[in-house]
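Remarks on the structure that follows.
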Amino acid sequence: MKDIFLLYDTSCFFEIVILNYFMSLTQCEMLYCSPDGKPIKAMEGYSVNVDAALKDINPKQVRSMIIPGGDISAVNTGEVQDYLREMKRRQVLIGGICAGVDLLEHAGILNGIKSTNSVDSDIVNDQHVITARANAYVDFAVETAKELELFEDEADLQETIDFWKYHKRAT
């Protein structure tokens with residue numbers, strides 16, 4: 001099963017880089033896509049060649065879909081919203097951070113569930129949809145990794161939290 005990241009011009013990579021790191025260490029099958037399959041330029045200035053156009057990724061093969069923040073106008077389209085609704089219907093894990101949460105809201109994914117757009121919290125996980133504010137990028141990575149069962153055990157989870165969130169030295 002594939003874990004897809006929807007990238008677009010102005011995507012904020014800092015919001016997803018730790019999650020990307022966790023997923024790469026655990027051999028997840030990550031795919032980076034853009035709406036049209038063309039390269040993108042991230043908010044931080046990185047130019048990125050994506051793996052595919054969103055429309056070319058079979059929804060039946062998707063385990064999770066992650067949307068970073070940025071100027072979502074390029075992805076706030078009927079095609080992307082339809083794809084997101086299909087992911088929700090299939091109970092795929094959906095994660096949005098910062099303005100990515102707004103895209104989820106525009107697609108109707110947040111109807112009837114708690115999110116950072118509806119409660120005063122930095123991160124919310126409800127009904128297999130994870131939403132986070134930009135400052136909660138570490139919590140977003142950890143919560144998403146927990147949902148995807150990427151940690152070996154509770155000790156691995158705690159060591160990860162201690163290192164990434166509390167900046168404790170690894171033992």
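- Clustering ILVMFWY residues whenever any of their side-chain heavy atoms sit less than 4.5 angstrom apart, transitively, puts M30 in the very cluster that holds L148.
- Counting only distance, with no hydrogens or angles, the side chain of S118 and the backbone of K114 share no donor-acceptor pair below 3.5 Å.
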Side-chain donor-acceptor pairs of residues 88-95 under 3.5 Å, sequence neighbours excluded:
unit_1, atom_1, unit_2, atom_2, d
K88, NZ, Q127, O, 3.3
R89, NE, E86, OE1, 3.1
R89, NH2, E86, OE2, 2.9
R90, NE, E86, OE2, 2.8

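- The distance from atom NZ of K146 to atom OG1 of T160, rounded to the nearest 0.5 Å, is 11.5 Å.
- Contact annotation: the side chain of T116 never approaches that of F140 to less than 4.5 Å [non-hydrogen atoms, C-beta and beyond].
- Contacts of S34 classified as side-chain hydrogen bond (donor to acceptor under 3.5 Å, both in side chains), with partners at least two apart in sequence or in another chain: D36.
- Criterion: ILVMFWY side-chain heavy atoms under 4.5 Å apart, direct or through other members. Under it, F163 and F14 are part of a common hydrophobic cluster.
- Considering only heavy atoms from C-beta on, D82 stays 4.5 Å or farther from E79 through its side chain.
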Return a table of donor-acceptor pairs under 3.5 angstrom between the side chains of residues 65-75 and protein atoms on other chains or two or more places apart.
unit_1, atom_1, unit_2, atom_2, d
D71, OD1, S73, N, 3.1
D71, OD1, S73, OG, 3.0

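- With sequence neighbours excluded, the residues satisfying side-chain hydrogen bond (donor to acceptor under 3.5 Å, both in side chains) with Q158 are D162.
- Using a 4.5 Å heavy-atom cutoff, the side chains of L54 and I4 are in contact.
- By the ring pair (Phe, Tyr, Trp, His ring centres under 6.0 Å) test, Y21 is found to be paired with W164, residues two or more places apart in sequence or in another chain being considered.
- Smallest separation of non-hydrogen atoms from K165 and D139: NZ-OD1, 2.9 Å.
- Among N76, N117, T131, the one residue that satisfies the side chain to side chain donor-acceptor pair (under 3.5 Å) test with D102 is N117.
- Annotation: side chain of E105 is not in contact with side chain of V101 (no heavy-atom distance under 4.5 Å).
- The two residues A134 and E15 come nearest to each other via the heavy atoms CB-OE2, 3.4 Å.
- You'll find the side chain of I16 stays beyond 4.5 Å of the side chain of Y137, heavy atoms only.
- Using a 4.5 Å heavy-atom threshold, the side chains of C33 and L6 count as touching.
- If you take CZ on R63 and SG on C28, they are separated by 4.5 Å, rounding to the nearest 0.5 Å.
- Between M87 and Y83 there is a side-chain heavy-atom pair separated by less than 4.5 Å.
- The hydrophobic cluster containing I130 also contains V142, counting ILVMFWY residues as joined when their side-chain heavy atoms lie under 4.5 angstrom apart, directly or transitively.
- At least one donor-acceptor pair under 3.5 Å links the side chain of T26 to the backbone N or O of M23.
- Here the straight-line distance linking atom OH of Y8 with atom CG of L103 works out to 7.5 Å at 0.5 Å rounding.
- Looking at heavy atoms from C-beta onward, S115 lies out of side-chain contact with L104 at the 4.5 angstrom threshold.
- Between the side chain of D9 and the backbone N or O of K41, at least one donor-acceptor pair lies under 3.5 Å.
- In terms of heavy-atom proximity, E44 sits nearest to C12 at OE2-C, 3.6 Å.
- Taking the six-membered ring where the residue is Trp, F13 and Y46 present parallel rings, their angle staying beneath 30° rather than reaching 60°.
- Residues forming a ring pair (Phe, Tyr, Trp, His ring centres under 6.0 Å) with F5 (at least two apart in sequence, or on another chain): Y32.
- Considering every non-hydrogen atom in both N125 and E143, the closest pair reads ND2-OE2, 2.8 Å.
- Distance check, rounded to the nearest 0.5 Å: CD1 of I97 to CD1 of I123 gives 7.5 Å.
- K38 approaches V50 most closely through the heavy-atom pair O-CG2, 3.7 Å.
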